[in-house]
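Contents: one structure, followed by commentary.
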Amino acid sequence: MVRSPHLAQHPVRKADAAVQTTVNLLDSLESFLSTFQNDLSAVSGQISDLQSQSKDIEGRLKSRKKIEKPLSNLISNLILPPPLATTILDTDVGESWIPAIEDFERRLEALKSRARVRAARDLSEVTEGVRIVAATKLRSFFLALIAPVRRSMTTNMHVVQSAVFSKYRPLYAFLSRQAPAVAQEVQRAYVAAARVYYETGFRRYMRSLGYVKARSAEKEHSIVADLDSGTREPSIDQTRLGYARIEGPGVTLMLLADDKSHTEVVEALLRSALLVLMDNGTAEYAFVTTFFAPEPNPPAPATLSFGMTPTSSVFSTEQLGFDLQKDADDGASTPGSDYMKTPRAPTRTPASTVSVTGSTKEEQKALDAVWKQIMDPALEHTQNFVKAALEPLPPVIPLLTMIRLTEEVMSEVQKRDSPPLESFIFGIRLQMWPLFQRVMTEQVDALKKLAEGATGGYFRRGAVTTDASVSLICKRYVVLFMSFVMLTEQNEETMIFSNLLRLRQELTKLIESHTEKLGDAATKARAQSALYEELLQGLNKAFRPAPSHPRAEVELAYWRKKEEAARTRRR
């Protein structure tokens, strides 16, 4: 079969057309890919630019976050909030002023530390006006608090101090730092009012004690006085010895002076005077040294500095002109007129006050001077009463009781940390010891004179001594010795036991001189043994309720030895 030529060439043409189409497609694809590559390169460049811009924006954001807090602190410190200004300008002084004044003072200090900032200089004029208003109101407020103390003695000084003045001490501290002249005026007003208060109270109280003392004047009794048979047998008065201690009965009330039948021994009256002085004086010293104690200025608010050393915390005008497009450098971040009552002074003061222990010597001297200005009249009236209590000299046992009382009061004053009052009490103690020595010397001399007179002589007449009189002297000696032991805690105290030793020597001589007038040696020995035995019995009887003391043991041993020797001789 014969095929047509045109029919055989048709498939070839179709194949050529397909190849040409493919080639055209490949050329188009090549052109597209070339264009896409160019576009991709352009997009990649744009992405790189965006990434760079993103990093720049992130850096600027970090810089702004770094300055956000210090800038906020700066702005807050350079403004005076309207509520704060309203409190100071439009309200009366009260408890709400305490946090307000503290906030206001912090802002004052912040403005002072940023004096180079223009905004701080502009605001300082406003704050100065507010400061003057605050000082004026506080002056009137404190003077009004002092007025009741000046007007009436019925005001309880210590209640006013603890319940009112101490609460508002931050306000006075503000005055002492920001308005020293006003603070000084308030201090002078308080000193004047308190001085009159204590002067009036102590004058009345000491005068009342003087009235009571005049009703019960007690003469000094010698160990050899009134030896007649009608004399009451001596005994240890535990009640009177108890007046040597702070703890015990209450003080004498001023109203008791109106009762003409009321009497008290001199030791009790001196104890009342010293306890009232101690409680009022130490309470006043604690108040003065805390309320009027100087305080340093409060620290400036903490801030972050820009382009400064880590220890700096002050913004300058140049430092505020930073470039927000650049990173900022990291910086460091930078509070009783009723004197019959004896309130116990607190050991120290609340945490909101400042203790005198941290002050300089000059500041403590100044505070001591303030206390002395207030208490000088009270000290003078107390001193006058002490002199009156020692004239005429009381008996030796009450006198030693009064000395021990002053020592215990001085020890308590030391615990309460009141050096000026401690010095005053120490001065009273120094006045009493020479008087005690004088009284003991008179006791020894009187006994010595009696012992020497009992022996008689060619040119003098012997004193008349009887067994009863010598026995009474022995009993008085026992009371004297054991009272001294009960009033003496230390084992060795020269002033006390050296005088007792002298007295014992003279008593021994008296017993020997008295028995010398008797007949034979056996009779003398029996008389001596009886007197020594009486001394031993008296010491043993008084020793049982007395505290253990080595000197009492030594005394017993001495008289026991003498009694044994006399008993041996009488055989």
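Every value quoted in this text rests on a predicted model; they were computed, and no experiment measured them.
- Using a 4.5 Å cut-off on side-chain heavy atoms (C-beta onward), F142 and V182 make no contact.
- Side-chain atoms of V413 and F424, non-hydrogen and from C-beta on, never get closer than 4.5 Å to each other.
- The closest side-chain heavy-atom distance from T87 to F104 is not below 4.5 Å.
- Residues R240 and S483 form no side-chain contact, since every pair of their non-hydrogen atoms from C-beta on lies 4.5 Å or further apart.
- Salt-bridge annotation for R416 and E412: present, with a side-chain N of the basic residue lying under 4.0 Å from a carboxylate O of the acidic one.
- Among pairs with a residue in residues 137-148, those fulfilling side-chain hydrogen bond (donor to acceptor under 3.5 Å, both in side chains) read R139-E185, at least two apart in sequence or across chains.
- Salt-bridge check for K372 with D368: failed, with every basic side-chain N at 4.0 Å or more from each acidic carboxylate O.
- Using modelled atom types, one side-chain atom of R169 and one backbone atom of F291 make a donor-acceptor pair closer than 3.5 Å.
- Every residue meeting the ring-ring contact (aromatic ring centres under 6.0 Å, His included) condition with F484, not counting sequence neighbours, appears here in chain and number order: F436.
- Y190 pairs by the ring-ring contact (aromatic ring centres under 6.0 Å, His included) definition with F165, F287, F292, not counting sequence neighbours.
- Closest heavy-atom contact between A268 and T252: O-OG1, 4.4 Å.
- Counting only N and O atoms by type, the side chains of R404 and T488 include a donor and acceptor under 3.5 Å apart.
- The backbone N or O of R245 sits less than 3.5 Å from a side-chain atom of R271, completing a donor-acceptor pair.
- Salt bridge annotation for R203-E199: present, with a cationic side-chain nitrogen under 4.0 angstrom from a carboxylate oxygen.
- Under the side-chain contact (heavy atoms from CB on, under 4.5 Å) criterion, A273 pairs with M206, L209, F385, sequence neighbours left out.
- Between H158 and Y198, the ring-plane angle classifies as tilted under the 30° and 60° cut-offs.
- A salt bridge is defined here as a Lys NZ or Arg NE, NH1 or NH2 lying under 4.0 Å from an Asp or Glu carboxylate O, and R106 with E109 fails to meet this definition.
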Exercise for review: Let me see the working for M432 and L390 under side chain to side chain contact (heavy atoms under 4.5 Å, CB included), right down to the final yes or no.
Suggested key: CA-CA 8 Å; M432 291 183 175; L390 298 174; 4.2 Å; yes
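- Closest heavy-atom contact between P170 and E102: CB-OE2, 3.9 Å.
- Remark: L400 CG to L487 CG distance equals 5.0 Å, nearest 0.5 Å.
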Check your understanding: Where do I428 and V409 land on the side chain to side chain contact (heavy atoms under 4.5 Å, CB included) test, with the steps shown first?
Key -> CA-CA 11 Å; I428 294 177; V409 169; over 6 Å; no
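- Counting only distance, with no hydrogens or angles, the side chain of E264 and the backbone of L269 share no donor-acceptor pair below 3.5 Å.
- A distance of 6.5 Å separates OG1 in T406 from CD1 in I403, rounded to the nearest 0.5 Å.
- From M495, atom CE reaches atom CD of Q437 across 5.0 Å, with rounding to the nearest 0.5 Å.
- Closest heavy-atom contact between R131 and A179: NH1-CB, 4.0 Å.
- Taking all atoms of both residues into account, the shortest heavy-atom contact from E284 to M157 is OE1-CG, 4.2 Å.
- Here the CD-OG1 distance, from E105 to T127, works out to 12.5 Å after rounding to the nearest 0.5 Å.
- Shown here are the side-chain contact (heavy atoms from CB on, under 4.5 Å) partners of V370, two or more places apart in sequence or in another chain: Q187, V191, V288, I374.
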Review point. Given M486 and Q238, is the side chain to side chain contact (heavy atoms under 4.5 Å, CB included) satisfied, shown in steps?
Key: CA-CA 9 Å; M486 293 179 182; Q238 298 281 359; 3.5 Å; yes
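- Note that CG of D103 and CG of L84 are 5.0 Å apart. Values are rounded to the nearest 0.5 Å.
- Annotation for A192 and R150: closest pair CB-NH2, 4.3 Å, computed over non-hydrogen atoms.
- From L138, atom CG reaches atom CG of L143 across 10.5 Å, with rounding to the nearest 0.5 Å.
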Practice item. Dump the intermediate steps for side chain to side chain contact (heavy atoms under 4.5 Å, CB included) on R207 and R204, then the final yes or no. Key: CA-CA 5 Å; R207 183 175 59 196; R204 294 176 180 176; 3.8 Å; yes
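- Under the 4.5 Å side-chain criterion, counting only non-hydrogen atoms from C-beta, L277 is in contact with I425.
- W371 has its side chain out of reach of L367: every pair of non-hydrogen atoms, C-beta onward, lies at least 4.5 Å apart.
- In this structure, Y205 and S272 have side chains that are in contact, with non-hydrogen atoms separated by less than 4.5 Å.
- Side-chain contact between L241 and I397: present, with at least one pair of heavy atoms (C-beta onward) separated by less than 4.5 Å.
- Across all their heavy atoms, A257 and V212 have their closest contact at CA-CG2, 4.1 Å.
- For E489, the CD atom sits in a loose shell: 12 or fewer heavy atoms of surrounding residues, nucleotides or ligands are nearer than 6.0 Å.
- Donor-acceptor pairing under 3.5 Å is recorded for the side chains of W97 and T91.
- Scanning for side-chain contact (heavy atoms from CB on, under 4.5 Å) contacts around A446 gives S222, V224, with sequence neighbours left out.
- S176 places a side-chain N or O within donor-acceptor distance of the main-chain N or O of A173, the cut-off being under 3.5 Å.
- Side chain of S166 to main chain of Q161: a donor-acceptor pair is present (N/O by atom type, distance under 3.5 Å, no hydrogens or angles).
- More than 12 non-hydrogen atoms from other residues, nucleotides or ligands lie less than 6.0 angstrom from CG of D90.
- In this structure, R195 contributes its side chain and P377 its backbone to no donor-acceptor pair below 3.5 Å.
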Exercise for review: Report the C-alpha distance between T263 and S216 in whole Å, list the side-chain angles of each, state the deciding distance to 0.1 Å, and finish with yes or no for side chain to side chain donor-acceptor pair (under 3.5 Å).
Suggested key: CA-CA 6 Å; T263 60; S216 55; 5.5 Å; no
